[in-house]
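Heads up, the thing below is written out as structure tokens.
Residue numbers count from 1 along this sequence.
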Amino acid sequence: MIITIDGPAAAGKGTLAAKLSAKYDLAYFDTGMTYRAVGLAMTLDGKDLQDEALAEDYAKHLTFEQMHALSKNPAFRSSKNGVAASIVSAMPKVRAALLKMQQDFALSPVFADGSKAKGAIYDGRDTGTVVCPQADFKFFVTASPEVRAQRRYKELQEKGQDTPYAEVLSDIIARDERDRTRSTAPLKPAPDAIIMDTSNLDIEAVVKKAMELIDAKR
Ligand code: DC
């Protein structure tokens with residue numbers, strides 16, 4: 001079984017993916033990590049994020065191992081690296097270079113310890129439209145920018161990162177705009193995606209609804 005979960009930043013995709021992955025024995029691929037890895041690798045090397053040919057080169061050479069190693073860096077999940085990821089993710093050549101790595105995961109999905117999974121669950125912006133259009137279930141999870149900024153702000157505070165709320169909100173709005181308006185794979189629901197707005201729903205209710213839909217169809 002393949003499940004895709006797309007939507008804007010901090011809408012609750014990761015939490016939903018983790019719950020569904022545990023319940024249905026699915027290996028999880030957070031595709032945003034591929035863009036964050038390219039963004040962070042370039043930043044650490046002091047490279048210009050606007051240089052598309054260079055970003056493509058970093059993307060072409062990215063491996064799962066490197067991506068996981070970079071994800072241990074405290075800057076990986078920072079707001080600043082989210083902006084870096086968003087910049088490189090708007091580049092068609094970077095997207096093309098990372099697509100195979102993303103698609104191959106569904107062919108033989110494995111957990112972090114190397115054991116086989118019963119399928120894959122993807123989270124990202126275009127996983128139901130471009131990466132896995134053949135997925136069995138597609139969800140598009142969304143919420144208002146203010147609700148998402150509040151969630152991200154709380155997460156950052158818990159991690160001891162003192163980014164002001166206004167900055168978190170303006171980053172989210174700028175990233176939404178870039179993700180929605182880019183020419184390649186813009187953020188939009190697949191025609192057959194189930195849309196879930198989490199602005200006024202707590203995540204447990206969203207998880208319950210998703211599981212009911214999956215169980216009813218299986
Ligand atoms: O989900 P995230 O915040 O880790 O994503 C980082 C950036 O990568 C975000 O600006 C959008 C981009 N992204 C994308 O374009 N396509 C994906 N499938 C996943 C993420």
Side-chain angles (χ1 to χ4, degrees), residues 5-11 13-14 17-18 28-105 112 122-127 129-131 145 148-187:
I5 306 177
D6 291 305
K13 303 187 299 289
Y28 173 42
F29 190 174
D30 167 5
T31 57
M33 285 178 72
T34 58
Y35 299 101
R36 281 182 183 266
V38 172
L40 184 59
M42 290 182 75
T43 306
L44 292 175
D45 290 347
K47 304 295 186 199
D48 176 9
L49 289 165
Q50 307 290 346
D51 185 336
E52 183 163 2
L54 196 59
E56 180 190 18
D57 203 47
Y58 273 79
K60 274 187 175 159
H61 293 101
L62 183 71
T63 62
F64 256 92
E65 291 69 31
Q66 265 178 330
M67 185 176 83
H68 284 293
L70 282 162
S71 74
K72 307 236 159 40
N73 187 314
F76 191 79
R77 293 270 162 211
S78 68
S79 234
K80 184 168 170 269
N81 196 44
V83 174
S86 172
I87 293 170
V88 295
S89 76
M91 298 170 172
K93 286 180 181 164
V94 170
R95 302 198 73 85
L98 294 172
L99 187 59
K100 188 172 176 338
M101 175 183 174
Q102 296 170 350
Q103 290 181 324
D104 282 353
F105 187 76
Y122 284 91
D123 141 354
R125 303 293 188 285
D126 64 340
T127 64
T129 49
V130 177
V131 181
R148 291 184 286 119
Q150 255 323 326
R151 288 180 191 154
R152 191 46 55 93
Y153 174 70
K154 208 169 142 234
E155 253 172 52
L156 292 171
Q157 290 277 309
E158 282 163 8
K159 282 191 208 149
Q161 292 182 24
D162 204 14
T163 316
Y165 169 78
E167 191 180 320
V168 179
L169 179 61
S170 68
D171 275 0
I172 281 198
I173 292 172
R175 280 175 56 188
D176 281 0
E177 181 65 13
R178 233 189 327 258
D179 293 348
R180 250 197 316 260
T181 56
R182 65 177 176 230
S183 57
T184 312
L187 173 65

With a 4.5 Å limit on heavy-atom distance, are the side chains of [X] and [Y] in contact?
X      : Y      : answer
Asn73  : Leu44  : yes
Gln161 : Glu155 : no
Val94  : Tyr35  : yes
Met67  : Arg36  : no
Phe105 : Tyr122 : yes
Arg178 : Ile87  : yes

Testing the basics here: between [X] and [Y], what is the closest heavy-atom pair and its distance to 0.1 Å?
X      : Y      : result
Ala10  : Ile172 : CB-CD1, 4.4 Å
Gln157 : Thr163 : NE2-O, 4.4 Å
Val38  : Ala59  : CG2-CA, 3.9 Å
Ala75  : Leu40  : CB-CD1, 4.1 Å
Asp51  : Met42  : O-CE, 4.3 Å

Chi angles and distances behind the salt bridge (charged side-chain N to carboxylate O under 4.0 Å, His left out) call for Lys80, Asp171: CA-CA 9 Å; Lys80 184 168 170 269; Asp171 275 0; over 6 Å; no
Is [X] reaching over with its side chain to a backbone N or O of [Y], donor-acceptor style, under 3.5 angstrom?
X      : Y      : result
Asp126 : Thr129 : no
Thr43  : Gly39  : yes
Gln66  : Thr63  : yes
Lys13  : Pro8   : yes
Arg182 : Ala185 : yes
Gln103 : Val131 : yes
Ser86  : Gly82  : no
Arg148 : Ala9   : yes
Asn81  : Phe76  : yes

[Y]/[X] salt bridge by N-O under 4.0 Å criterion:
X      : Y     : value
Lys60  : Glu56 : yes
Arg125 : Asp6  : no
Asp179 : Arg95 : no

Atom pair CE/OH of Met33 and Tyr28 - distance to nearest 0.5 Å: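 These two atoms lie 9.0 Å from each other.
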Heavy atoms of other groups near Lys154 NZ, more than 12 under 6.0 Å: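 No, because the 6.0 Å sphere around NZ of Lys154 holds 12 heavy atoms or fewer from other groups.
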Gln102-Thr34 side chain donor-acceptor pair, cut-off 3.5 Å: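 Checked: Gln102/Thr34 side chains pair up, N/O donor to acceptor below 3.5 Å.
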Pair Leu54-Leu49, side-chain contact (heavy atoms from CB on, under 4.5 Å): steps then yes or no: CA-CA 8 Å; Leu54 196 59; Leu49 289 165; over 6 Å; no
Leu156/Val168 under side-chain contact (heavy atoms from CB on, under 4.5 Å): CA gap, chis, key distance, verdict: CA-CA 9 Å; Leu156 292 171; Val168 179; 4.0 Å; yes
Working for side-chain contact (heavy atoms from CB on, under 4.5 Å), residues Tyr58 and Asp45: CA-CA 11 Å; Tyr58 273 79; Asp45 290 347; 2.5 Å; yes
Ring centre gap for Phe64 and Phe29 strictly below 6.0 Å: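 That pair passes the under 6.0 Å test.
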